[in-house]
Amino acid sequence: MNSNHNSEKKTTDTKSNHENYRSKDDLTKKQKVAAIKKTLKSDPVDVDRLRQLAISRGGLINDELRRQCWPKLLNVNIYGISKKPENLKEHRDYNQVVLDVARSLKRFPPGMRDEQRLVLQDQLIDVIMRVLVKNPELHYYQGYHDICVTFLLIVSEDIAFALVDQLSTNHLRDFMEKTMEKTTKILSYLYPILGKANPELREFMELAETGTIFCLSWLITWFGHVLSDFRHVVRLYDFFLACHPMMPIYVAAAIVLYRQEEVLQCECDMAMIHSLLSKIPDGLPYEQLISKAGDLYLQYPPEKLEQEANLQLKKSQSITNYKKLKLSSRSQEPDSVLKARRRQKLKEQQERRLVVMNRQEHGSRLVKVTVWALTAAVGVAAYAVMYAATDLNHWWYGH
Amino acid sequence: MSQEDGEAKTEAPRNTSGTTEVFETSTTVIVEKKSQKRIFKIIVIGDSNVGKTCLTYRFCSGKFPEKTEATIGVDFRERTLEIDGESIKLQLWDTAGQERFRKSMVQHYYRNVHAVVFVYDVTKASSFENMPSWVDECDRHHLNTDIPRILVGNKCDMRDKAQIATNVAQKFADSHNMPLFETSAKDDSACDHVDAIFMTLAHKLKNSKPMMSPKLAGMVKNRVINVGKSRDGRRLSQSRESENEKDMCGC
């Protein structure tokens, strides 16, 4: 079929660039599906490779592949899920959860029959309560249900529980403290990122005393609460599951930066800017924003901002736990020891190069991306690999 | 989210603080000042699921929202009203009910507030029993006690399920020197009533001292605009209130 297409192209000069891109897209999409399937079939599963695929353009492509990949990304063994306990209703947060789930109608596909939705809503309550009962130190927050429903719409109740359980003690851990102090701290990274990318914008927003609450729901629901198109939500989840826990704040920054002209044209007033930004318009170019967020993360990693903003990053449990999670996900396969050795060797080589690069404080980003591409060890680096290695700029734009 | 609908109804665009009239300043400064649309900031608070979002949505867009979700953080809606020939803008800050949000997040929104709307659910006793803690919280944010406050008992369309008697709520409202309204954001026939509640507040605020633009108010942080002292305003709203209660709501 493909060769037909090519021969057609040779004979007709009228074919637009757009169409050319589209045919290229289809191929790429197919190739990507094949690559994901191949990675899943390989034994052991190369989780780093899976991360790359989840981050790069298009993410994990479809829900069927997500069903298989998400447990791997979170290092969850879907065959060892604990049984549902009986005492779910006794939990302190039960009533709040029921109220919020009852009001979560918007999160289910518009065409879904009521009976089916009601079944899923009951399951959603159970998923949330199972995590809370299993981890008494975790506190429910409004918006947690938006995260859980996203998983429940992709995988079964039991697996959704296992995935959210893992996520809650890692990426979401800071949001589930008794107070929102740590959440506020994470939000406070927004302005340093904005300031680095566009000082004028930061100054304008700070002058208006805009605050960060406009993007609170973005952060704590991983955008599940604000985006109307479920496909965009799961695409972002692919990205976040494969990345550092701070990545949602970089996506938030990317969105604000994308809308900077609108913001700067706005009256310099908290209400106006809050109102403008808190609603995310339809049709934002999410692949571009993900790419931008990746760039921002590479240019201004959390550690770098921490110094500048004098933030107490070390207190973030999400970040500490993430390191552990990443380590443990490496060792989920039997021959991990061999792999680890190989990786260690590679890493040592790369680290030596990285040290050299780091000395060049103001080294161009392109060079940096290349270094990351070689490292391929930490979250978004995988993205950099894909970005640097292939002509991604032209991928997928046509569709 | 629903801000857009609220905004859509607002006739004036963003530059509400009179900047459109700037080119007329060649006449006199006073002309310009008169043309400024006064903006009042109102915070809406109360337990989770009492209907804060529905009430503000009803007022700002005239409709009951089909699917409401839990509010995360703070949502913003606004509506411009014409009162005695003056155009004033009400900015409603709709807050999340869950306790964790109000402890650290909502604080920011208490600043420079011109009025407070306390909401409880007449069919849920606990939402009324928690009212003292909401009032306390308001006091804790050092809001001037003269700031107009109103108490709204929502969900009156479910009268048969009501758990809070009007006289009990009235007593509480009296003890805190605020008017009580019982209404339903859902009931279309009570739509005018919801309007009237906010109109009452708007009247009260309108009769207050001339107000600075929010930008200026932000610069002079310690100054709280004192509207409660306007005796006329108070009487006006009280009379409207009793009228409304008779006409609109049988609770």
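Per chain, numbering begins at 1; letters A, B, ... match sequence-line order.
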Does A/Glu206, at its CD atom, have more than 12 non-hydrogen atoms belonging to other residues, nucleotides or ligands within less than 6.0 Å? yes
Taking side chain as everything from C-beta outward and backbone as N, CA, C, O, which of these in A/Tyr144 sits under 4.5 Å from a heavy atom of chain B? Side chain, backbone, both or neither. neither
B/Thr71 and A/Gln142 have their tightest heavy-atom pair at O-OE1, 3.5 Å
Where does A/Ile220 contact chain B at under 4.5 Å (heavy atoms): side chain, backbone, both or neither? side chain
From A/Leu105 atom CG to B/Thr68 atom OG1, the distance as rounded to the nearest 0.5 Å: 8.0 Å
Show the nearest heavy-atom pair for residues B/Phe76 and A/His274, with the distance to one decimal. CB-CD2, 3.9 Å
Shortest non-hydrogen separation from B/Lys124 to A/Leu99 and the atoms involved: NZ-CD1, 4.1 Å
Select, from A/Glu181, A/Gln96, A/Arg107, the one with the greatest count of heavy-atom pairs under 4.5 Å involving chain B. A/Gln96
Atom CZ in B/Phe101, atom CG in A/Leu216: separation rounded to 0.5 Å? 5.5 Å
Could you tell me which portion of A/Thr221 (side chain, backbone, both or neither) has an atom closer than 4.5 angstrom to a non-hydrogen atom of chain B? side chain
Can you measure from CZ (B/Arg100) to NE2 (A/His139) and round to the nearest 0.5 angstrom? 7.5 Å
For the residue pair A/His225 and B/Ala70, what are the closest heavy atoms and their distance? CE1-O, 3.3 Å
Step through the shown structure and confirm whether more than 12 heavy atoms of other residues, nucleotides or ligands are within 6.0 Å of CD on A/Glu203. no
Heavy-atom donor-acceptor pair, B/Gln98 side chain to A/Tyr140 backbone, under 3.5 Å: yes
Could you tell me the separation between the CE atom of A/Met270 and the CD atom of B/Gln91, rounded to the nearest 0.5 Å? 8.5 Å
May I ask you to check whether over 12 heavy atoms, not counting those of B/Glu82, lie within 6.0 Å of atom CD? yes
Can you find a heavy atom in the side chain of A/Ser217 that is under 4.5 Å from one in the side chain of B/Glu69? no
Within this structure, what is the CG-CD1 distance for the pair A/Asp146 and B/Ile72, rounded to the nearest 0.5 Å? 5.0 Å
